[in-house]
Each structure stands twice: as C-alpha cells, then as structure tokens.
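Taking it in order: structure first as structure tokens, then the write-up.
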Amino acid sequence: MITIPSKLPGTNNSIFSVMSRLAEQHQAINLSQGFPDFDCDPQLIRYITEAMKKGLNQYAPMAGLPALRTLIAEKMNAFYAANYHPDTEITITAGGTQAIFTALTACISPGDEVIIFEPAYDAYAPTIKMLGGIVKPYELSPPNYEIDWEMVKKLFSVNTKMIILNSPQNPTGCILSEKDIKALVKLTKNTDILILSDEVYEHIVFDGRKHQSVAQYPELRERSFIVASFGKLLHATGWKVGYCLAPELMMKEFRKVHQFNVFSVNTPMQAGIAKYLKQSDQYQLLSPFFQQKRDVFRSLLSETRFKLLPCSGSYFQCVSYAHFSDEKDTDMAEHIIRSYGVASIPVSAFYLRNTDHQILRFCFAKKQETLEKAVERLVKL
Ligand SMILES: Cc1ncc(COP(=O)(O)O)c(C=O)c1O
C-alpha cells in the first residue's frame with residue numbers, strides 16, 4: 001500500500017465542515033459558517049454574464065485585470081490615503097485564503113516564527129506549519145479580547161519573522177484601535193518583522209468606528225501584506241475572488257509564488273466586479289447593512305439565556321453560556337444542533353490548544369426571517 005507522510009498530521013476536516021454537515025443532518029438553521037443566505041446584487045451577475053458572453057473567457061494577466069487593480073488602487077487612496085501602484089503592488093487572488101497562503105509561502109522558511117492572536121481564523125496556523133514555520137500563539141480572553149502589547153513583545157525572538165493581524169476579527173468581532181496600531185508601530189520599529197494584515201471584513205465596522213488599515217501607517221505599510229476579499233464585500237463568498245496589497249519588493253516575491261500557485265484568477269468575475277464597483281457605492285453600504293442585522297440579532301438574542309459579547313465589526317456575534325452551564329463548547333454546540341436545530345461554531349476551535357471559555361460564535365449574515373427563526377429556537381434553551 002502506498003502511504004505518504006502527512007504534512008499536517010492531526011489535521012481533520014475543519015470545524016466549519018463538521019458543523020455544517022451536522023446542521024444538514026439535523027435540518028438545523030445554519031448560523032455556523034460565515035456566508036450570507038441571501039443573494040448578491042443581480043446587476044453584478046448581469047455584468048459577469050455579459051463579460052462571459054463578450055468572450056472574456058481566457059486567462060487574465062497573472063496579476064489580475066488592470067481595470068480591477070486600478071479601482072483597488074483608487075479605493076486605497078480614497079479610504080486610507082495610501083498609494084499602491086496597480087502594476088507592481090496589487091495582485092488579484094482566488095479569495096483571501098489564497099492571498100494568505102501565497103504571502104506566507106513567499107516569506108516563511110523552516111524555523112521562522114509567526115505570532116498569531118487567538119482565537120484565530122483557522123487558515124493561518126496550518127499553512128505556517130506546512131512551511132516548517134513555528135506558530136507562536138498569543139491567547140486572548142473574552143469578553144474584550146484585548147491585546148497587551150508588552151506580552152506580544154515577550155513573544156519576540158531572533159527568529160520572529162511575522163505577525164498576523166486580523167481586524168475586524170473572525171471569530172470575536174473585535175477591531176484594532178488606533179492605540180493598538182500605534183503600539184504595533186513602536187514594537188516593530190527597527191526590526192525586520194513582517195506583517196500579514198487580514199482585512200477581509202474592513203468594510204463591516206459598526207457604531208461609527210473606523211477600520212484601522214495598516215495601509216494608513218507608513219511604518220507598517222512598508223512591512224505589510226494586506227489581504228482582502230470580494231466574497232465578503234459583494235455577498236458572494238463562493239466566487240473566491242480577493243486580492244493582496246504589498247510594497248513592490250514584497251509583492252515581487254508574492255507573485256513568484258502566485259504564478260505557480262494559481263497563475264491567474266478567473267477573468268469574467270474580475271471584469272464583472274470591476275464594472276460593478278465603478279458604479280456602486282457598496283463600500284459605503286456594507287457597514288449600515290450589517291449593523292442593522294447585528295442590532296436585530298442582538299435584540300432577539302437578549303431574550304435568550306446567553307450573555308452577548310461586544311461586536312464592533314465582521315458578521316459574527318459571540319455569546320457566552322458559562323453562567324448557566326459548564327459543558328464544553330463543542331458539546332454545547334452539538335447539543336444545540338441536535339436538540340434545538342441551530343448551528344454555531346464553538347470558539348475553542350479557533351485556539352491551537354482548544355482553550356474553552358464556553359463561547360459560541362453565530363454568523364448573522366442571514367435574512368431577518370432566518371435570524372428570527374433561529375432565535376425562536378434558542379429561547380427554548
Ligand atoms: C478572517 C478571514 N480571513 C480570510 C477569509 C477567507 O476569505 P475568502 O473567502 O475570500 O477566501 C475568511 C473567510 O471566512 C475570514 O473570515
């Protein structure tokens with residue numbers, strides 16, 4: 001029998017697949033995985049279909065369609081007063097996930113250490129490990145998941161290669177403040193530490209707060225890859241189109257990997273998205289759109305036994321049940337699917353050591369009726 005030594009021993013199906021499968025088996029309302037249950041704008045679909053009909057069906061340039069890269073450059077300027085050259089500093093990717101994988105692959109060598117903040121999105125650690133890198137997790141705690149930057153400094157060593165940021169954060173819904181960013185500027189000054197800043201929820205920020213992009217801070221911009229996702233922006237997570245931004249020298253290395261990783265991203269999607277974004281004010285609409293959903297969901301959940309954690313951005317609401325049960329969060333999530341028909345994600349899945357604070361994550365990127373039906377079930381708990 002042929003066997004291959006696993007690059008990721010101990011890795012099984014992601015918690016998202018497990019919970020979604022369980023939700024399907026029990027016909028539960030699925031608030032686990034982070035995707036909308038409503039469709040994107042039909043106009044966007046028309047533009048993409050139009051691009052296909054016009055024959056835009058062959059390979060795009062390796063870095064992506066120039067029209068789309070130019071629009072991204074304009075957006076970065078308008079939102080963050082940051083200049084990224086479309087020819088040399090912006091690459092269209094197959095979703096944020098590929099941008100993360102490619103940036104890490106371009107930079108991480110065996111023995112390099114990468115600091116991540118946990119609970120962390122699940123794509124970072126396996127990729128670092130696959131590359132022979134060492135994950136240095138900093139475990140944050142509910143309810144506010146604040147970062148003590150002195151603690152981050154303690155994780156530094158001569159092998160520290162990169163820090164991964166994610167704001168707005170999945171799963172906690174927390175965002176980095178200007179104070180956080182300034183602390184990071186100070187901490188990385190006179191070092192050659194790189195930053196991978198996962199900003200896929202940059203346009204989903206609530207209560208008048210402002211997203212702090214590393215692009216706004218020249219000291220951070222010069223050492224950062226920024227990851228973004230059109231799936232999140234356009235309610236079309238299944239299309240898997242995103243992009244990466246980085247200063248020219250870093251982007252050069254990124255593209256060396258990208259060209260052998262995917263070469264280029266599908267052409268009609270890029271053309272349709274570029275045409276759509278030229279006319280739409282989606283960037284401005286997204287925060288109020290999801291803030292309304294967050295407010296409705298939080299107000300409905302206030303009738304349940306759960307304690308609500310703060311939610312300043314992203315489309316995830318975390319809740320605690322520690323005051324009424326000491327069940328493990330994985331057991332609680334499964335119990336709620338089987339007995340009440342609502343799927344969530346146990347937040348311990350976002351810690352390498354499966355640290356359990358008895359918190360569940362719900363995705364509220366759903367139609368109002370879905371949220372109402374889910375909470376009708378959750379109040380019975
Ligand atoms: C924090 C974070 N980063 C990256 C991604 C991946 O984005 P994409 O679906 O564009 O690959 C996700 C998707 O859920 C995410 O939550």
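Start at 1 and go down the list; that is how both ligands and their atoms are numbered.
No donor-acceptor pair closer than 3.5 Å links the side chain of Thr93 to the backbone N or O of Gly96.
For Val200, no nitrogen or oxygen atom sits less than 3.5 Å from a nitrogen or oxygen atom of ligand 1, counting backbone and side chain alike. Note: no N/O pair closer than 3.5 Å links Tyr124 and ligand 1 by distance alone.
Within the structure, ligand 1 lacks Phe35 among the residues with a heavy atom less than 4.0 angstrom away.
The closest side-chain heavy-atom distance from Pro168 to Ile204 is not below 4.5 Å. Contact annotation: the side chain of His357 approaches that of Ser141 to within less than 4.5 Å [non-hydrogen atoms, C-beta and beyond]. Leu360 has its side chain within reach of Asp329: a pair of non-hydrogen atoms, C-beta onward, lies under 4.5 Å apart.
Close approach of ligand 1 to Asn166 is summarised as follows: ligand atoms under 4.0 Å from at least one heavy atom of the residue are 1 (C). Listed by atom number, the atoms of ligand 1 under 4.0 Å from Gly95 heavy atoms are 10 (O), 11 (O).
Both the sub-6.0 Å distance and the 45° axial angle are not jointly satisfied by Arg294 relative to the ring of Phe364. By the 6.0 Å and 45° rule, Arg221 stacks over the aromatic ring of Tyr84. With Phe324 as the aromatic partner, Lys307 does not meet the cation-pi criteria of under 6.0 angstrom to the ring centre and within 45 degrees of the ring axis.
Taking all heavy atoms of Pro168, Ser229, Gly34 into account, the minimum distance to atom 10 (O) of ligand 1 is reached by Ser229.
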Take Cys40 and Ile45 through the test side chain to side chain contact (heavy atoms under 4.5 Å, CB included) and record every step on the way to the result.
CA-CA 8 Å; Cys40 59; Ile45 294 176; 3.8 Å; yes

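Closest protein heavy atom to atom 13 (C) of ligand 1: Lys232 NZ, 3.0 Å. The single protein non-hydrogen atom nearest to atom 6 (C) of ligand 1 is Thr97 OG1, 3.3 Å, given as residue, atom name and distance. Regarding atom 9 (O) of ligand 1, its nearest protein heavy-atom neighbour is Lys240 NZ, 3.2 Å. If you check which protein heavy atom lies closest to atom 1 (C) of ligand 1, you get Asp198 OD2, 3.3 Å.
Of all the heavy atoms of Tyr201, the ones lying under 4.0 Å from any atom of ligand 1 belong exclusively to the side chain. Neither the backbone nor the side chain of Gln169 has a heavy atom within less than 4.0 Å of ligand 1.
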